Number of protein chains: 2
Amino acid sequence: MLRGTFQLMKSVNKTAILNKIRLAGPISRADIAKETGITPPTVSTIVKELMAENLVAESRLGKSKGGRKPTLLLLKEDGSYVIGVDAGSKTIKAIVSDLVGHVLARAEVEIYPHSTNEAFLEQMTAVIRTVLSEIADQCEKVLGIGVAMHGVVEIESGISLYSSKTGLRNVPIKETLEAAFDLPVTVENNSRAMAIGEYWFGDYGYIQRFSVINIGRGVGSGLIVNDKLCYGAQDLTGEIGHVSISLDGDVCSCGNRGCFETFVSGDAIVKRAKKMIQDAPDDLTAEKVYAFAKEGKTDYIHVLEETGKLIGIGIINLVHTVNPDQIVLGGGVMKSADFLMPQIQQTIRERALTEKAKAETKVVISKIGDDATVLGAAALLLTELFY
Amino acid sequence: MLRGTFQLMKSVNKTAILNKIRLAGPISRADIAKETGITPPTVSTIVKELMAENLVAESRLGKSKGGRKPTLLLLKEDGSYVIGVDAGSKTIKAIVSDLVGHVLARAEVEIYPHSTNEAFLEQMTAVIRTVLSEIADQCEKVLGIGVAMHGVVEIESGISLYSSKTGLRNVPIKETLEAAFDLPVTVENNSRAMAIGEYWFGDYGYIQRFSVINIGRGVGSGLIVNDKLCYGAQDLTGEIGHVSISLDGDVCSCGNRGCFETFVSGDAIVKRAKKMIQDAPDDLTAEKVYAFAKEGKTDYIHVLEETGKLIGIGIINLVHTVNPDQIVLGGGVMKSADFLMPQIQQTIRERALTEKAKAETKVVISKIGDDATVLGAAALLLTELFY
DNA sequence: TTGTCTTAGTTAGTTAATTTAATTAAGAAA
DNA sequence: TTTCTTAATTAAATTAACTAACTAAGACAA
């Protein structure tokens, strides 16, 4: 249970000031005091501590507003680094990032087909070694490793329980990496990592309820409320790929029919195209559907427009359940955004419950794009540092 | 922005202690200290204040565990009262309640058909006067009035914007009642009030994510996370009656097709029965469907079983979106629980995404029943008092 | 019955961290 | 050059927690 102690009081203020500098920096001590309501002496004391911890640094002097020039404070970006790993179903990506999402090193490998747990973990270890070698002289600044793993993940133990795409089961990621690198390791579901990446580095500022929907081979989402990821009683928060939007339809990988995922994933788009278009090629992919649409082939445009409508329905369901302040769309399917977004927006205007929601529901395309997940993985460590 | 101040520290501890007494009382100061982690002197100081504020009282002595007998503390139930009003589409109910949900007085009127705003507000004022007159000698103990209003409500202004059932629009409830009684007034949506009532007086203890689904003439829900109601960006959190579970279906009052509400509301049950049963009477109601089912008429049992399945799908959608720790079902339709619940439970076991969720998803029938909404309205005031 | 041990709760004094008020720093404007 | 502003720090005061020691009151065993 939360207890009111001096440490609590202090950490609340420290967190507020650190995040003010992170989000509003460069900023003076005086402005921090004004904007947070914390008194100037307290701000000074805490800033001194943050500088001692190598998290904050003084930069140039600001403009005088009629008196002494303010000393502007900034996050000390290169004071610490974090490693992010994006373990997808086809490749493993790793990066080294600083505190504000600058990528200092990057590496990627393709996963062997029919890989074993051992081979998979060896590949992951190797990619991390590669990026570490690129910052060899600054390795001691690395705070930890965050892993975004596709499929079902047990967060506490850091074990990847199950992946329908690779067939891997019970991969002890956290244990293996902690032993190999002697660094703290956090493992997270890929959609939730993506949400953290987008929120942390997408420059949105503070948003009370922030939701990122990842539409690719599968559909997942991450919900961030008051700067914190939501998990739910059984870690199912955000599994909107398996929300039913139809009483019938194709069988989903989860065994049910009617799942949102079976209507809007990459595979679903291919299936729809083949059904709607007689002369569709056998080796059609979602990428090709988009390519044909861009070439102006109306049949393929219709396929994407239909998909856009269905994505809109899924979004409305999310709006009528948790009503986020900001919804961000990402993942492979959203590369076709130019054909999807108009339909998504129209569906929202048609179906949202109130005039206010029709007008104010905010849906945008991911600002970070492909790197959102791997940066989010890295940011998993930052969350602990900053809160 | 949250600030670390002495007031914060104090209020955190005061809230923790007050709620410990509320939920775990009768309890000794020593046990409060042990269970909250707050030190005994601090507990004593704060308890002294709570007693001075008439919120807490000493009761009998407890059993000695080998030393001095503990003085047990209890909520001073009759120190303050609150008024709750449940303004449905047919009647207005009002009660006076103490701090633990004991009803001291109660009154109810039927709303005039085609009522005007003025007549409606006059009826509401009259019902409140009636219950107040019953506790005439203790009126000064009343802290305020909470109103649970059906339809769309603007919470800040306390205006009822729109009701499809009565046709009323822009009823200035808060303003009118505050002028009439000179007491603080809070107006809330009926499903959210029901959630608060169930959570506050249903004796569940602390539940991190608590959801109440109200299935009656319409379908709504309330979500309580960390003891607080969730609203969302446009106050749409919990509008699961308008989550799409089908790509076609009957037109909903909101104008869309496929809404959850059009499959499981009272009207939907009647429609389903008429469709499935050739000789169904013209004046069939949901109550009658239940009565026939109880008489053993299998056709009607099937209608309810089908409804149970669909409710199950709606619940699974909620689980895969916010994954509550506890889901409570209430409202008129749930009077048929004996036919609905087995199907609901089975659907959850069939469709939940993981084994853990199949086994652990907790769905129960409202413990409070009909009074949940009106007690929740009253509890709106208590929320402020206790947090 | 008396002494010792246990548990409950209070009192006195200490400590952590904020706040207020005063002070220094440094520049702008007249 | 004086006066006014804004920025930041220092010193003292305040808040509300914590520690340690103490009183209260009963259990239990010799």
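Numbered from 1 within each chain, the chains take letters A, B, ... in sequence-line order. In this text, all values refer to a predicted model and were calculated from it rather than measured experimentally.
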Return the value, rounded to whole Å, for the distance between atom CG of Leu72(B) and atom P of dT7(C).
17 Å

Give the rounded distance in Å between these two atoms: CG of Leu8(A) and C1' of dC18(D).
15 Å

Compare the minimum distances between each of dG27(C), dA8(D), dA17(C) and the side chain of Lys69(A), then state the nucleotide with the smallest one.
dG27(C)

When you check the phosphate oxygens OP1 and OP2 of dA25(C), does a side-chain N or O of Arg29(A) lie under 4.0 Å from one of them?
no

Check the pair Val56(B), Leu74(B) against side-chain contact (heavy atoms from CB on, under 4.5 Å), reporting the backbone distance first and the verdict last.
CA-CA 6 Å; Val56(B) 165; Leu74(B) 266 178; over 6 Å; no

Atom NZ of Lys10(A) to atom P of dA16(C): distance rounded to whole Å?
10 Å

Would the base of dA7(D) count as contacting Arg68(A) through its side chain, where contact means a donor and an acceptor less than 3.5 Å apart?
yes

Would you please confirm or rule out a distance under 4.0 Å between OP1 or OP2 of dA8(D) and any side-chain N or O of Thr71(A)?
yes

Between Glu49(B) and Lys10(B), does any side-chain N to carboxylate O distance fall below 4.0 Å?
yes

Salt-bridge test for Lys65(B) and Asp31(B): reply yes if a basic N is under 4.0 Å from a carboxylate O, no otherwise.
yes

In whole Å, I'd like the distance from the CE atom of Met9(B) to the C1' atom of dT15(C).
11 Å

Closest non-hydrogen atom pair between Ala379(B) and Ile196(B), with its separation:
CB-CG2, 3.5 Å

Toward the 5' end of DNA chain C, which comes first, Lys65(A) or Gln7(A), by nearest nucleotide?
Gln7(A)

Got a salt bridge between Arg22(B) and Glu77(B), using NZ or NE/NH1/NH2 to carboxylate O under 4.0 Å?
no

Short side-chain N/O contact from Asn13(B) to OP1 or OP2 of dA17(D), under 4.0 Å
yes

Return the 5'-most residue of the pair Thr5(A), Phe6(B) with respect to DNA chain D, ranking by each residue's nearest nucleotide.
Phe6(B)

Take the protein atom CD1 of Ile27(A) and the nucleotide atom C1' of dA7(D), then report the distance between them rounded to whole Å.
14 Å

For a quick test of reading the model: is some side-chain N or O of Arg3(B) closer than 4.0 Å to OP1 or OP2 of dA17(C)?
no

Between dA16(D) (C1') and Ile17(B) (CD1): distance, integer Å:
12 Å

Within residues 30-50 of chain B, which residues have any heavy atom lying less than 4.0 Å from an atom of DNA chain C?
Ala30(B), Lys34(B), Pro40(B), Pro41(B), Ser44(B)

Does Lys14(B) come within less than 4.0 Å of Glu53(B), counting only side-chain N to carboxylate O?
yes

Is the shortest side-chain N to carboxylate O distance from Glu35(A) to Lys20(A) below 4.0 Å?
yes

If I take atom CD in residue Glu58(A) and atom P in nucleotide dA7(D), what distance separates them, rounded to the nearest angstrom?
15 Å

